[in-house]
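As C-alpha cells, the structure follows; a few thoughts come after it.
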Amino acid sequence: MIVDLFAGPGGLDIAATIMDEVESIGVEWDDATRATRRAAGLLTTTVKDVAELGPCDDEVNEANVLTGGPPCQSFSVAGNRKGHKALEQVKALATRLAGHDDLEEFEAAWKEVKDQTDSMSDDRTGFVLQPLRWIMEAKLRRGKPYDVVVLEQVPTVLPVWKHYAELLRGVGYAADAHVLHSEDFGVPQTRRRAVLIAQWDPKNVNRPVDFPKATHQRYRKGITRMPAHTALAPEEAGLLFSTPRKAKNSVKPWVAMQDVLTGRPHDFEVVSNYGSGGDPKNRGRRTSDQPAATITGKVRRNRVFLLKETTSGAKEIGEELERLTPEEAGLLQSFPRQYPWQSTDVAQQIGNAIPPLLSLHILSSALRLGPPSDDLVTRLATWTPKRSGTLTSGALAEDV
C-alpha cells in the first residue's frame with residue numbers, strides 16, 4: 001500500500017491503481033484537486049495537510065511505500081527561484097533530521113527544523129523536508145520502516161535528493177537519485193523530473209538501485225523522429241547522428257502530439273511560453289510530430305496553428321486553431337482520455353501533476369517488478385472512472 005504525499009490530481013495514484021495488488025491513498029490539501037480525485041475514484045485521506053498527518057495515523061498506518069512530490073514553485077525555473085538560495089539550508093536541515101536512533105531526540109530536532117522552515121520567506125521550501133519526517137517517524141515511532149520510498153521534484157532539487165540518498169543509506173536504505181526525461185518513457189511531452197528511489201535493505205545499503213530504462217527515443221532540438229519501424233539501442237537514442245538498426249534492447253520513436261491529439265489536423269504547431277521568461281522572441285515552437293514542451297498551469301495560453309504544405313513541399317503556418325482543451329492537456333501529460341477533471345483550476349492541476357506513464361515506470365522499477373508490460377500501459381491509456389465526473393463550464397477560464 002502506497003501513501004502519496006502532496007498527491008495532486010493523481011498522477012502517481014492512477015498509475016498505481018492499474019497495477020496488480022497495489023493500493024494507493026493520497027494526501028492532498030486543495031479542495032478542487034480533491035474533487036478530481038474523488039471523481040476518479042482515488043482514495044484520499046480525510047486530513048488534508050501533510051504536516052498534520054504521520055505514519056501512525058489510522059488511514060495510512062498500513063502503508064509500506066511512501067511517495068511524494070512536494071510543491072515545486074519555489075524551486076522551479078518557472079517559479080520565483082527563492083528555493084535555489086535555500087537548497088544548502090534545506091540540506092543542512094535534512095542532516096539534522098536523519099540518523100537519530102531515539103524518538104525523543106528526533107522530535108526535538110524536528111521542532112527546531114520546523115521553527116526554521118516556518119520562518120523562511122517562502123514557507124513552501126520547507127515542504128521538501130516533510131517526506132523525511134515521515135520516513136524517520138515510520139522507523140522510530142511506528143517501528144516499521146517504509147519498504148520503498150519514491151520522491152520526485154523539479155531537476156533543481158536533485159542535489160537535495162542526492163543528499164537524502166546519502167542520509168537514507170545511513171539509516172538502512174539502498175538509495176539513489178537521477179533526473180528522468182518523460183519522453184524517454186512514451187509521454188508525449190518533454191518534462192524532466194528529479195527522482196529519488198530508496199529501498200529498505202539495512203544489510204546492503206551500498207548496492208546499486210535500479211532506475212527505469214528508456215523505452216522511447218529522447219527528443220532534442222535538431223533530431224529527427226525515428227521511423228516507426230526502426231529501433232535504436234538506448235545509448236544511441238539521444239544522439240544527433242546515429243545509425244538506425246534493430247537491437248535486442250531497443251527504444252521506440254518518441255510519442256508525438258499528433259499521436260494523442262487525434263481530433264486535430266495531422267500537421268500543426270504549438271507556440272508555448274514555457275522557458276521564455278515572458279519574452280515573445282523566446283517562445284518555444286513544437287510541431288505536431290514532436291513531443292509537447294512542458295505542460296504548465298498556463299497551458300491555456302499556448303497558441304495552436306495549422307501547418308500547411310506549400311507547392312515546394314515546405315510547411316508554413318496557416319490559420320490559428322482552437323487552443324488546447326483540458327482533455328488534450330491531460331493527454332499530453334499521459335492521463336487517460338476520460339480522466340474526470342473537476343472545477344475551474346484544471347490547468348493548474350494538470351500542470352502540477354507527474355505524468356502517470358512516467359509514474360508507472362518509476363513505480364515498477366522501485367517495487368522491483370521489472371518494466372511495465374504493454375498490457376499495463378494499455379490499461380492506463382484506456383482507464384475509465386468507476387463513476388463519471390463532469391468538467392465544470394468555467395474550466396481553464398482563468399488562463400484565457
Check whether the side chains of [X] and [Y] place a donor and an acceptor atom closer than 3.5 Å, and report yes or no.
X      : Y      : answer
Glu269 : Ser288 : no
Ser272 : Arg285 : no
Ser24  : Asp4   : no
Asp289 : Thr287 : yes
Arg38  : Gln342 : no

Handout entry: salt bridge (charged side-chain N to carboxylate O under 4.0 Å, His left out): pairs with one or both residues in residues 181-191, sequence neighbours excluded
Key = Asp184-Arg218
Practice task
Can you tell me which residue pairs pass the salt bridge (charged side-chain N to carboxylate O under 4.0 Å, His left out) test with a partner in residues 153-171, sequence neighbours excluded?
Solution key: Lys162-Asp176
Practice task
Evaluate the ring planes of Phe6 and Phe127, with Trp represented by its six-membered ring, and classify them as parallel (under 30°), tilted (30 to 60°) or perpendicular (over 60°).
Solution key: tilted
Practice task
Using the six-membered ring wherever Trp is involved, compare the ring planes of Tyr339 and Trp383 and label them parallel, tilted or perpendicular (cut-offs 30° and 60°).
Solution key: tilted
Exercise for the section: With the side chain counted from C-beta on, respond yes when Leu129 and Thr117 share a heavy-atom pair under 4.5 Å apart, and no when they do not. Expected result: yes
Test of understanding: with salt bridge (Lys or Arg N to Asp or Glu O under 4.0 Å), list the residues that count as partners of [X], not counting sequence neighbours.
X      : value
Glu107 : Arg141
Asp101 : none
Asp49  : none
Glu21  : none

Atom [atom1] of [X] with >12 non-hydrogen neighbours under 6.0 angstrom:
X      : atom1 : answer
Glu137 : CD    : yes
Asp58  : CG    : no
Asp115 : CG    : yes

Practice task
Not counting sequence neighbours, which residues clear side-chain contact (heavy atoms from CB on, under 4.5 Å) with Glu59? List them please.
Solution key: Ile25, Thr45, Thr46
Problem - Test side-chain contact (heavy atoms from CB on, under 4.5 Å) applied to Ala98 - qualifying residues, sequence neighbours left out - result: Leu167
Handout entry: Residues Glu112, Arg96: salt bridge by 4.0 Å N-O rule
Key = yes
With sequence neighbours left out, write down each residue that passes ring-ring contact (aromatic ring centres under 6.0 Å, His included) with [X], or none if nothing qualifies.
X      : value
Trp110 : none
Tyr146 : none
Trp134 : none

Distance-only donor-acceptor hits, side chain of residues 353-366, under 3.5 Å, sequence neighbours excluded:
{"from": "Ser359", "atom 1": "OG", "to": "Gly11", "atom 2": "O", "distance (Å)": "3.2"}
{"from": "Ser359", "atom 1": "OG", "to": "Pro355", "atom 2": "O", "distance (Å)": "3.3"}
{"from": "Ser364", "atom 1": "OG", "to": "Leu360", "atom 2": "O", "distance (Å)": "2.8"}
{"from": "Ser365", "atom 1": "OG", "to": "Asp210", "atom 2": "O", "distance (Å)": "2.9"}

Problem - Residue of the set Leu324, Leu332, Ile350 for which side-chain contact (heavy atoms from CB on, under 4.5 Å) holds with Val299 - result: Leu324
Completion exercise
Between Val304 and the options Glu320, Arg264, Glu328, Glu322, the side-chain contact (heavy atoms from CB on, under 4.5 Å) test singles out Arg264
Practice task
Check for a donor-acceptor pair, side chain of Arg34 on one end and backbone N or O of Thr44 on the other, with a separation under 3.5 Å.
Solution key: no
